[in-house]
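Every number for a ligand or one of its atoms is a count from 1 in the order of the listing. In this chain, residues are counted from 1 in sequence order.
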Amino acid sequence: ALARALPRDLAGLRLVITAGPTVEDLDPVRFLGNRSTGKMGFAIAERAAARGADVLLLAGPVALPTPLGVRREDVRSALAMRDALWEALGSDLSAADALIMSAAVADYRPAEERPSKMKRSRDAMTLDLVPNPDLLAEIGAARADRAAQAATPERRPVLIGFAVETDTDERVIAAARGKLDTKQVDMVVANHARDAFGRDDNRAFLVTRDAADALGVLPKPQLADRILDRVVSLCRPEAP
Ligand code: CTP
Ligand code: CA
């Protein structure tokens, strides 16, 4: 309702939004991926641009059109998304007012990417994987370092994470609280894998240090607006 009353309430805010999966190549033919389709991140980008924000969308491989008024950059792997993120935020994190990290970043990548196609054999096969960096936690840590050095604690950019789990509501919220602290972010949007992936709606919780707000089932554009309402109040705590 507020979004409709104040359609340009994000004017002047620079948002970086990540969306979709990252995919990790095994060879020129095959990859490791996940079920993210990018609908949530694209809905956030679409609503943010409609509300007047300057939006950069960093997208993994998805089959979605670029929302109106949104600048889009496509990436493939977690490491490529990491480079694009630091480029977009600036090494001192000054180039964005908020980061909304809705991408399903791969936790592992193959230890080696083979230059030519692996051939079939009758033997069992084991894949060697190595951990990817936690992109959001790196940015959270960098913001905390900067705040520790500054005379006035700097909360920019506002950092929003996601947490997707396969568990009870209570444990999903508890896991999101854990991610608030380990990643040093301002809010985590917690949801269930079964409610989230590939769907046009989602049942999510907005989890902060003091509260977990159950939003119920909402179409993704409406959930996007609720997330953006929080981004506005985190970016402009002095405003009414
Ligand atoms: N994330 C990230 N870099 C990674 C993995 C996740 O930046 N390598 C971000 C996601 O974009 C999301 C948040 O961290 O905003 C939480 O992702 P999630 O997969 O739920 O949590 P993980 O920390 O990866 O923990 P786990 O998968 O074990 O639950
Ligand atoms: Ca993960």
Between [X] and [Y], is there a side-chain N and carboxylate O pair less than 4.0 Å apart?
X      : Y      : result
Glu24  : Arg76  : no
Lys183 : Asp134 : yes
Arg72  : Asp74  : yes
Glu46  : Lys39  : no

Quick one: which residue pairs count as a side chain to side chain donor-acceptor pair (under 3.5 Å) with a foot in residues 101-119, not counting sequence neighbours?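 Side chain to side chain donor-acceptor pair (under 3.5 Å) check on residues 101-119 returns Arg109-Asn132.
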What's the count of protein N, O or S atoms under 3.0 Å from the Ca ion (ligand 2)?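 Step by step: take the Ca ion (ligand 2), keep protein N, O, S below 3.0 Å, and you get 2.
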Can you tell which of Arg209, Arg230, Arg143 makes a salt bridge (Lys or Arg N to Asp or Glu O under 4.0 Å) with Asp186?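 For Asp186, the salt bridge (Lys or Arg N to Asp or Glu O under 4.0 Å) test succeeds with only one of Arg209, Arg230, Arg143, which is Arg143.
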N/O to N/O below 3.5 Å, does that happen between Met101 and ligand 1?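 Yes: some nitrogen or oxygen of Met101 is under 3.5 Å from one in ligand 1.
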Nearest protein heavy-atom contact for [atom]: which residue, which atom, what distance?
atom                    : value
atom 3 (N) of ligand 1  : Leu135 N, 3.0 Å
atom 1 (N) of ligand 1  : Asp134 OD1, 3.9 Å
atom 7 (O) of ligand 1  : Leu136 N, 2.8 Å
atom 29 (O) of ligand 1 : Lys179 NZ, 2.9 Å
atom 16 (C) of ligand 1 : Phe162 O, 2.7 Å

If the contact criterion is a heavy-atom separation under 4.0 Å, does [X] count as touching ligand 1?
X      : result
Ala163 : yes
Lys183 : yes
Pro133 : yes

Set of residues satisfying salt bridge (Lys or Arg N to Asp or Glu O under 4.0 Å) with respect to Asp195, sequence neighbours excluded: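 Asp195: salt bridge (Lys or Arg N to Asp or Glu O under 4.0 Å) contacts with Arg203.
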Any donor-acceptor pair under 3.5 Å from Ser94 side chain to Gly90 backbone: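 Pair absent, no side-chain N/O of Ser94 close to backbone of Gly90.
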Minimum heavy-atom separation for Ala45 and Pro67, please, with both atom names.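 Taking Ala45 first and Pro67 second, the nearest heavy atoms are CB-CG, 4.4 Å.
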Of the non-hydrogen atoms in Ala48 and Leu15, which two are nearest, and what is the gap between them?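 That closest heavy-atom pairing would be CB-CD2, 3.7 Å.
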What atoms of ligand 1 come within less than 4.0 Å of a heavy atom belonging to Gly161?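 Those qualifying, in numeric order: 15 (O).
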Which atoms of ligand 1 sit under 4.0 Å from any heavy atom of Asp107?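 Within the 4.0 Å cut-off of Asp107, ligand 1 contributes 5 (C), 24 (O), 27 (O).
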How far apart are the C-alpha atoms of Leu58 and Ile17, what are their side-chain angles, what is the distance that settles it, and do they pass the side-chain contact (heavy atoms from CB on, under 4.5 Å) test? CA-CA 6 Å; Leu58 300 180; Ile17 299 166; over 6 Å; no
For atom 19 (O) of ligand 1, decide whether some protein heavy-atom distance is shorter than 4.0 Å.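 Under 4.0 Å from atom 19 (O) of ligand 1, zero protein heavy atoms found.
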Contact list for residues 10-20, test salt bridge (charged side-chain N to carboxylate O under 4.0 Å, His left out), sequence neighbours left out: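 Matches after skipping sequence neighbours: Arg14-Asp97.
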Please state which option from Gly140, Pro131, Ala103, Ala137 has its nearest heavy atom closest to atom 10 (C) of ligand 1.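 Result: the heavy atom closest to atom 10 (C) of ligand 1 is in Ala103.
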Hey, mind stepping through Met101 and Ile139 against side-chain contact (heavy atoms from CB on, under 4.5 Å) and telling me if it holds? CA-CA 11 Å; Met101 196 73 196; Ile139 293 160; 5.6 Å; no
Which one holds for Ser102 and ligand 1: side chain close, backbone close, both close, or neither close, with close meaning a heavy atom under 4.0 Å?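 Neither; nothing of Ser102 gets under 4.0 Å from ligand 1.
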